[in-house]
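First listed ligand is number 1; within each ligand, the first listed atom is number 1. Numbers here are sequence positions counted from 1.
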Amino acid sequence: MGIKSKDLISLADLSVEEMKEVFMNAKSMKDIISRDIKKVPTLRGKVVVNLFYENSTRTRSSFELAGKYMGADVINISASSSSVAKGENLRDTAKTLERMGADIVIMRHPVSGSHHILAQALQARVINAGDGTHEHPTQALLDIFTMMEHLGSVEGKKIAIIGDILHSRVARSNIIGLNALGAEVWVCGPPTLIPSQVEKLGVKVTWDMEKALEAADVVMMLRIQLERQSKGLFPSTREYAKLYGLNERKLKLAKDNALVMHPGPMNRGIEITAEVAEGLLSVIEEQVTNGVAIRMALLYAMGGGKGNVVD
Ligand code: CP
């Protein structure tokens, strides 16, 4: 089947069938990355560009590894060490990369919606690796894939997303994907960190963490994004941790076998305690591994691959 949309800017760009194909192929990719020699020639001859205007550890490294494991030529550009620092605009930077042969451009940018400028300017396919407070679709794909590996399906499952919903591109993309797959999504945080009218996205909203945790199948904690907050949106990190941080006592309200997730990077001791992050229910490290497999499956589809991956 492959992916019809030229670009992946929002998770809404993928149909449910396309998402399921990516999940199916991610399973094969996990087999490949568990081998001694993690190489397949699927993307040989393709050029993948990582264009990052914001810091990243997980997303950037996993896209780089995903491209390299599949035989693509991968180049990494960060704003601080490129001609962006001399004032070159986004369109000129992207056009320059395309003229050098880029087939797929993966971009992270602090401005919500900036990927639309790139997608219109380029024939190359564009993948959103996070834009401002808008979306982070590949994070949601890896999160949902991780849930499905443990739960079989997310349909009818209670997924509690807790924390800084207002600034979270991870929350928005997860809401879109989980709703499409039939999950029951709850969002929870202090009133100042919940976007107005968020319930219109088809989620249940509560300021009460205990209500969000009650019988949850999945507890997804979000990072407090202090770098995106110009004014104090809660009194102190200590108070935030008390009301909205996940600890072992609160986690008992969720189902016995609930999954604990966090997209990373974590503020340990604020939104999650070290005991819970490293506890038996935590799948946080699995999320990281699955990030490589999902990005391989996505690059396979965006590079023209259709149906089951052949390795
Ligand atoms: N989850 C995530 O996007 O992490 P990085 O900022 O390290 O890429």
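- A search for ring pair (Phe, Tyr, Trp, His ring centres under 6.0 Å) contacts involving Tyr244 returns Tyr240, not counting sequence neighbours.
- Annotation: Asn55, atom CG; neighbour count of heavy atoms from other residues, nucleotides and ligands within 6.0 Å does not exceed 12.
- Side chain of Ser114 to backbone of Val111: a donor-acceptor contact under 3.5 angstrom is found.
- Val74 and Leu118 fall into different hydrophobic clusters, where Ile, Leu, Val, Met, Phe, Trp and Tyr side chains are chained together by heavy-atom contacts under 4.5 Å.
- Counting only N and O atoms by type, the side chains of Asn247 and Glu275 include no donor and acceptor under 3.5 Å apart.
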Tabulating one pair per line, provide the atom names and distances (0.1 Å) for every N/O atom of ligand 1 that is less than 3.5 Å from a protein N/O atom.
unit_1: ligand 1; atom_1: 1 (N); unit_2: Gln139; atom_2: OE1; d: 3.0
unit_1: ligand 1; atom_1: 1 (N); unit_2: Pro263; atom_2: O; d: 2.9
unit_1: ligand 1; atom_1: 1 (N); unit_2: Gly264; atom_2: O; d: 3.1
unit_1: ligand 1; atom_1: 3 (O); unit_2: Thr59; atom_2: OG1; d: 3.0
unit_1: ligand 1; atom_1: 3 (O); unit_2: Arg108; atom_2: NH2; d: 2.9
unit_1: ligand 1; atom_1: 3 (O); unit_2: His136; atom_2: NE2; d: 2.9
unit_1: ligand 1; atom_1: 4 (O); unit_2: Arg58; atom_2: NE; d: 3.1
unit_1: ligand 1; atom_1: 6 (O); unit_2: Arg108; atom_2: NH1; d: 2.9
unit_1: ligand 1; atom_1: 7 (O); unit_2: Thr57; atom_2: N; d: 2.8
unit_1: ligand 1; atom_1: 7 (O); unit_2: Arg58; atom_2: N; d: 2.9
unit_1: ligand 1; atom_1: 7 (O); unit_2: Arg58; atom_2: NE; d: 3.1
unit_1: ligand 1; atom_1: 7 (O); unit_2: Arg58; atom_2: NH2; d: 3.3
unit_1: ligand 1; atom_1: 8 (O); unit_2: Ser56; atom_2: OG; d: 2.6
unit_1: ligand 1; atom_1: 8 (O); unit_2: Thr59; atom_2: N; d: 2.9
unit_1: ligand 1; atom_1: 8 (O); unit_2: Thr59; atom_2: OG1; d: 2.6
unit_1: ligand 1; atom_1: 8 (O); unit_2: Arg108; atom_2: NH1; d: 3.4
unit_1: ligand 1; atom_1: 8 (O); unit_2: Arg108; atom_2: NH2; d: 3.3

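- Residues Ile144 and Trp186 do not share a hydrophobic cluster, clusters being chains of Ile/Leu/Val/Met/Phe/Trp/Tyr side chains in contact below 4.5 Å.
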